[in-house]
Amino acid sequence: MFVRLKLSLLRNGLRQSAGRTAAYVTSAVLALLFAAGQLLGLVLLRGSEHAGTVVVLLAGLLALGWAVMPLFFPSGDETLDPTRLVMLPLSPGPLVRALLVSSLVGIGPLFTLCLAVGSAVALARGAFAMVVAVVAVPLVLLVCVALARAVAAGNVRLLTSRKGRDLAVLSGLVIAVGIQFVNFGVQRLSRAGGLSALDPAAEVVRWIPPASALAAVDSAGEGAHGEAVAGLVLSAAALGALLYAWRRSLVKLMTAPDGSTLAAASRPSRRESAASSGLFDRLEGRAGTVVQRSLRYVARDPKTKAAWVTSLAIGLIVPLFNALQGTGSVYFACFAAGMLGVQMYNQFGQDTSAFWMVAMTISSARDAYEELRARALALLLVTLPFAALVTALTAAVLGDWRTLPEALGLSFGVLGAMLGTGAVASARFPYSIPQDSGFKNVAPGQAGLAWISILGGMVTAALLCAPLIALTVWLNVTGTGMSGGLLLLALGAGWGTLLTWTGLRLAAPRTAARLPEILAAVSKG
């Protein structure tokens, strides 16, 4: 019955639109082609010296993917939410078995099965190893599926809340950061002399389920029957533990009340009381209000939070990873200032249709200037210390403290230029940010405005920083030493401040004059 239910959900979902059907079919074909390629590659790996290392680490990564999939893609499978079955007269034991079997229907389980079969073929040598492989393949598949279900059931309250939607929006960040780690690992691996550098890691992962099941096939092929049995027992024990945890979570979900249905406390919590007497309450007038509002957007709005966390993470990773590889420079830290400066662009679009409440408070160029200045101040509260921290960390990794003042001055200049041009771009090229999709950052028909706003502003900021860049080149050519670096630090901070002030002054009258057009543009989505 549950398998038929799963197939009905899949079929009815595809009937909603031709676009959804095409997207599903395309993704399924691509996934199957990739799985077939992986299967062929693993089969060709048979007999290789490092086949065990590759298979064990691949199984570990596969299990990790199954563990985090429900957290970052909670809407990918409607059946991941067992609270839909609360009103049905179902016992936990049969429910776990039914959900486990129905979970085997889908592209993900088929992809996992292909990798498990290919891994077993690559490692099986001898009759006993083949017998172990027959047990290991379904065991790997069941452990991965049970792991995903246990994680989903244990975090279902989170996944169906606003924080869960935040995680879904931030999934792109995890992928981007993961790509940087993979790139770093591949480069280190190529310099370390090949796959032999992964052997120590594989020796640890081989005892972690479900990789232990595939490692058991390798051990059986080498004649280590005790290790083979131990690997299978570990994976079987992990499967039992996951099913037990899953069952306990289902019992709790079906019997315990949801905290969201309970009456709220009459008195505010200690955390709320502390938050209400924050530092920015001391700022009087519009400045304090706008700074608090901007920072609360960063903490609460999923789109704004995703943009900020992405900028912070990528701005830190790129300079440091290049420094760790020995191919970077302290000046790469300017990338962090540039990534954070982009947050100044499309300031009013971040407010969406709520911008009308801000527009009601702007009646003159002076009001617009104070609004933009406070928004820039909120950005600076984070970007200035972060840019300085990234620059200092990059200099520490490279051991190049002499260039630190120059890089700091250039970072401050870049940040000031981005803030100034961002204020002008926000007034001239506002666009809407859709809130109903985690993957769309521009409303239909406004992509041109977004490209003009961001790319045009970045090119202008680069041109405005040309004097600082030229001075940096001249100081390095002449070798003026620390005194020249301190001079560039002072000039960079002053030049950045001047560019920010100029941009705010130019954007303020245009913002006050174009309030109806700005409101219409940012409310389109």
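No hydrogens or angles considered: a donor-acceptor pair under 3.5 Å links the side chains of Ser219 and Arg206.
Between the side chain of Thr391 and the main chain of Ala407, no donor-acceptor pair closer than 3.5 Å is present. Between the side chain of Ser235 and the main chain of Leu232, no donor-acceptor pair closer than 3.5 Å is present. Under the 3.5 Å distance criterion, the side-chain polar atoms of Ser212 are matched with a main-chain donor or acceptor of Gly231. With hydrogens and angles disregarded, a donor-acceptor distance shorter than 3.5 Å links the side chain of Tyr345 to the backbone of Gly457. Within the 3.5 Å criterion, the main-chain N or O of Ala124 finds a donor-acceptor partner in the side chain of Arg46. Checked by atom type and distance alone, the side chain of Glu406 never pairs as donor or acceptor with a backbone atom of Tyr331 at under 3.5 Å.
The line from CG of Leu295 to OG1 of Thr304 is 11.5 Å long, rounded to the nearest 0.5 Å. Here SG of Cys144 is found 10.5 Å from CG of Leu64. Values are rounded to the nearest 0.5 Å. Taking OG from Ser103 and CZ from Phe2, the interatomic distance works out to 10.0 Å, rounded to the nearest 0.5 Å. Residue Leu234 holds its CG atom at 10.0 Å from CD1 of Ile208, rounded to the nearest 0.5 Å. Distance check, rounded to the nearest 0.5 Å: CG of Asp400 to OG of Ser329 gives 7.0 Å. Taken to the nearest 0.5 Å, the CG atom of Leu415 stands 11.5 Å off from the CG atom of Leu410.
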Worked check of side chain to side chain contact (heavy atoms under 4.5 Å, CB included) between Thr53 and Leu57
CA-CA 6 Å; Thr53 298; Leu57 293 180; 4.1 Å; yes
Taking it one step at a time, do Val56 and Leu214 satisfy side chain to side chain contact (heavy atoms under 4.5 Å, CB included)?
CA-CA 7 Å; Val56 166; Leu214 294 176; 5.5 Å; no
Run the side chain to side chain contact (heavy atoms under 4.5 Å, CB included) test on Met418 and Gln343 for me, step by step, so that the C-alpha distance in whole Å, both residues' side-chain angles and the decisive distance to 0.1 Å come before the verdict.
CA-CA 9 Å; Met418 297 290 285; Gln343 304 307 317; over 6 Å; no
What do the steps show when you test Leu243 against Arg149 for side chain to side chain contact (heavy atoms under 4.5 Å, CB included), and what is the final call?
CA-CA 9 Å; Leu243 293 177; Arg149 284 291 184 173; over 6 Å; no
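Note: Phe34 and Phe111 have parallel aromatic rings, judged against thresholds of 30 and 60 degrees for the angle between ring planes.
When every heavy atom of Ala228 is checked against every heavy atom of Ala216, the shortest pair comes out as O-CB, 3.1 Å. Summarising the geometry of Thr394 relative to Ala333, their closest heavy-atom pair is OG1-CB, 4.2 Å, with the distance given to 0.1 Å. Taking every heavy atom of both residues into account, Leu404 and Ala395 meet most closely at CD1-CB, 4.2 Å. Taking each heavy atom of Ala220 and Phe128 in turn, the nearest pair found is CB-CD2, 3.5 Å. Ala150 and Leu242 make their closest contact through CB-O, 4.0 Å (heavy atoms, listed as atom of the first residue, atom of the second, distance). Nearest heavy-atom pair across Ala28 and Ile107 is CB-CD1, 3.3 Å.
Within the 4.5 Å cutoff, the side chain of Leu379 has heavy atoms near those of the Trp308 side chain. Between Ile314 and Phe335 there is a side-chain heavy-atom pair separated by less than 4.5 Å. Between Val233 and Val229 the shortest side-chain heavy-atom distance falls below 4.5 Å. Here the side chains of Thr352 and Val522 are not in contact, with every heavy-atom distance at 4.5 Å or above. Side chains of Asn346 and Phe429 form no contact here, defined as non-hydrogen atoms less than 4.5 Å apart. The side-chain heavy atoms of Ser311 and Val342, taken from C-beta on, include no pair separated by under 4.5 Å. Leu316 is listed as a side-chain neighbour of Phe386, based on a closest heavy-atom distance under 4.5 Å. Under the 4.5 Å side-chain criterion, counting only non-hydrogen atoms from C-beta, Trp246 is in contact with Leu100.
Each of Leu110, Leu5, Leu7 was compared with Val105 under the side chain to side chain contact (heavy atoms under 4.5 Å, CB included) criterion, and only Leu7 meets it. None of Val217, Leu115, Val121, Val117 except one satisfies the side chain to side chain contact (heavy atoms under 4.5 Å, CB included) rule with Val137; the exception is Val117.
Annotation for Arg248: atom CZ does not count as buried by contact number, only 12 or fewer foreign heavy atoms lying within 6.0 Å.
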